[in-house]
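Here the structure is laid out as structure tokens; the discussion comes afterwards.
These figures come from a predicted structure and were not determined experimentally.
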Amino acid sequence: MGVGRIIILAAALLLAAADSCRAEQQYKFRTLSPEGGFYYDGVKSVGQDADGFIWVLMDNELQRFDGYQYKRYYPRFRDLMPGTEWHFAAMATDPAGRLYVTTNNGLFTYNRTADTFEKLIEGSAYSINSDRAGNLWVDMAGRTYRIDPQTLVPDTLACEGRPVGNIWSSHSTDESVYMGSTQGRLYRYGYATGRFELFHKFPDDQTVQGIAAMGGLLWAVTSDTGLYAFDEGTGTVVRHYELPAPGGGPQAPPRDLLADKYGRLWIATQSGIMVFDPATGADTLLVHSASDMFSIPNNSVWCLFEDHRRNVWVGTFSGGLCMADLDDTEMFRTYTPATTALSHGTVSAFAEDGSTVWTGTEGGGLNRFERNGRAITQILSSRDGHGPASNHIKSIVTGPSGELYIGTFLGGLDIYDPATGRFTNHRAGRDNSLLDNNIRKLVRDGDRGLWIIYQTNVSVVSHYSFSDRTFTHHYFDKKDNGWYLLDMVRGGGDDLWILSSKNLYLFDTATGQARSVLSDRIPYLNGRSMCLDGRGDVWIGTVGHGLVRYSPSDDTMEVIEGIGDLNISAVYSIIADDRGDVWMGTDNGLVKYDTGAGTFLRFDSTDGLQGQVYYPLACMKASDGVIFFGGTGGFTAVQPEAIRRNPHPRGLLSPNSFWITPPAYHPRGVAAVTARAKSFCPIPRPTSASGFRPTTI
């Protein structure tokens, strides 16, 4: 069901469709209120002053957000008149960014020098707006006045000989000021004419909840009969939309209206936010979801506000406040046992087969994840050949005919045929078989077979032949026995790179010979994971040494420090994206190393990731460039192309800001450090490559 039945009131603007379709749109709302909200009641108004501070108004509190923390201003008012009861009604800023607040004890303005509020006019004040000339339009004791902030002389407004009052919503354009009342009246003041007139009378004295201008039309939403579009010149209603009833229940009463920078209308209701695109007729209902940390904090939405960067702020019941950057694309998508059918929280391995991603877990067996429909099917260990030999899966490889090769802990090697659902198992101790039942990693050797390393402290790699189903074992570097082999990556030609905790080896698959690469260059590598980038360079994640880069082309190595500044000790998984940047799953979040800029960027659960800790070797780059990382809370799909650096280091609190950057709320920008390269051989360092909308209530 779309926004509803369209009532045509102007033949020239006849619309072809009577029902719009519900279109999916993704918005990431970052909840910025303290845990549990500011206050049991709702956020009545949000504003932003000339310095970029965000102000949040509730009935019994006014707070200022500086990008890092909130500051309460109720004590400032209490000190002005001790022993007096205070209630806050509304806020507005003038074109110069000066903040005004209406209260039951008068109209006040913020003195930024003294960091306090000064009274301008005595008396109980309610709604407030500021026009392009800086005049204030204030409703006081049921009467509406225009006030010159220089003289503070109020002009009483009258329409058709009657005083104007009970204003609930307002909006300024370049030509006019519009005000909607609780008695179904929409007024207009024209700057050119100097006239104040009745623009439209709605039936049944319903409240005009919100007003916005967009697409050459004036829009208004009312408490009972929905959304209206007016021709500003004639005052004629050209479109009328009845708001739908969410879930088939009663219509959700609207509370506010906002036009965003992309030509969509946001309607705040007590059942969520309706986002409506007049150009297409498509609408989306945005609601709170307990499983989605980027949904709105409460379905009862009280106010909408657009800041200097045209981000949308949402104030809700129970003191909830959130913000959406409309250009914030979906960088991460996370899957956990709590939100999906994923069999276990610890995700340890991935393999891709078309639109299917096979996911191994440490304790929950195998999962089949269909990327198109996001459905997950569990396949657990069983004794009848229809499940893996062990639910502890370490590595998965797709074979040439679509079969799966699954390395397990305690269960040896499984071969799974998805067409029949049957598993075939290879175990150690049998003739011509594995050396150990505890497999660490599998790497496909083209159409010839698999390379296998074990969770054992012997320098040996095994090869499994697809054609004759036999195993061949290659021992190398007996001096390194006692150190575990921890990772393995297929290179170009006959190259197979093998990483131990102490050394890096280049294994020639044609001759079966291995060559030590780094033993003489670093006393103790303590490597844990590695990958190859598009240039053929080897990147090694370590414990304690940060990120190590080895270049086979000129046989040089460097340690790139700086990741430790992010409170990270261990790099458990590592992979290069299509642009050559390196991504790492660590013991404290997911980290991107920008190889051009030479900087690290850290992301964690506050960005929607599975958690803080990642599982060893649990990563995969899919054919479309999406990277999968497994951890202790599920797995996350990363879209590297959607990652955008904050170009405004000051964060939100600047008219030219783009993202909010306080560490307590959003780590992007704050959790960025510059890498420091330390060469163990002479090598070069990496090259570096306003709309004003007054508050409505």
### Query
Do Asn588 and Ile568 have side chains that get closer than 4.5 Å, going by heavy atoms?
yes

### Task
Please assess Lys621 against Val626 for the test side chain to side chain contact (heavy atoms under 4.5 Å, CB included), listing each intermediate value before the final yes or no.
CA-CA 6 Å; Lys621 185 174 72 174; Val626 173; over 6 Å; no

### Query
Without hydrogens or angle criteria, can the side chains of Glu362 and Ser348 be said to hold a donor-acceptor pair below 3.5 Å?
no

### Any donor-acceptor N or O pair under 3.5 Å, side chains Arg440, Asn438
no

### Task
May I ask you to check whether Thr456 and Asp436 show a side-chain donor-acceptor distance below 3.5 Å?
no

### Query
In terms of side-chain heavy atoms, does Thr636 have a donor or acceptor partner in Thr334 at a distance below 3.5 Å?
yes

### Task
Could you walk me through whether Tyr593 and Phe600 pass ring-ring contact (aromatic ring centres under 6.0 Å, His included), step by step?
CA-CA 5 Å; Tyr593 176 62; Phe600 292 99; 4.9 Å; yes

### Query
With a 3.5 Å cut-off and no angle check, do the side chains of Ser465 and Ser467 form a donor-acceptor pair?
yes

### Asn503 side chain to Ser500 side chain, donor-acceptor N/O pair below 3.5 angstrom
no

#### Entry: Pair Tyr484-Lys502, side-chain donor/acceptor within less than 3.5 Å
no

### Task
Identify which one of Thr470, Asp445, Thr509, Thr472 satisfies the side-chain hydrogen bond (donor to acceptor under 3.5 Å, both in side chains) criterion when paired with His463.
Asp445

### Query
So does Arg579 have more than 12 non-hydrogen atoms from other groups sitting under 6.0 Å from CZ?
yes

### Query
Step by step, would you call Asn367 with Thr377 a side chain to side chain contact (heavy atoms under 4.5 Å, CB included)?
CA-CA 5 Å; Asn367 291 263; Thr377 304; over 6 Å; no

### Query
Do the ring planes of Phe628 and Phe350 sit parallel (below 30°), tilted (30 to 60°) or perpendicular (above 60°)?
tilted

#### Entry: Polar side chain donor-acceptor pair, Ser623 to Glu352, under 3.5 angstrom
yes

### Query
Tyr614 vs Phe629 aromatic rings, parallel, tilted or perpendicular, using cut-offs 30° and 60°?
perpendicular

### Task
Say whether Asp414 and Tyr416, considering side chains only, have a donor N or O and an acceptor N or O under 3.5 Å apart.
no

### Query
Step by step, would you call Met530 with Leu504 a side chain to side chain contact (heavy atoms under 4.5 Å, CB included)?
CA-CA 10 Å; Met530 69 175 172; Leu504 174 66; 3.7 Å; yes

### Message
Please tell me whether Asn567 and Arg602 have a donor and an acceptor in their side chains that are separated by less than 3.5 angstrom.
### Response
no

### Query
Which word best sums up how the rings of Phe466 and Tyr464 line up, parallel for under 30°, tilted for 30 to 60°, or perpendicular for over 60°?
perpendicular

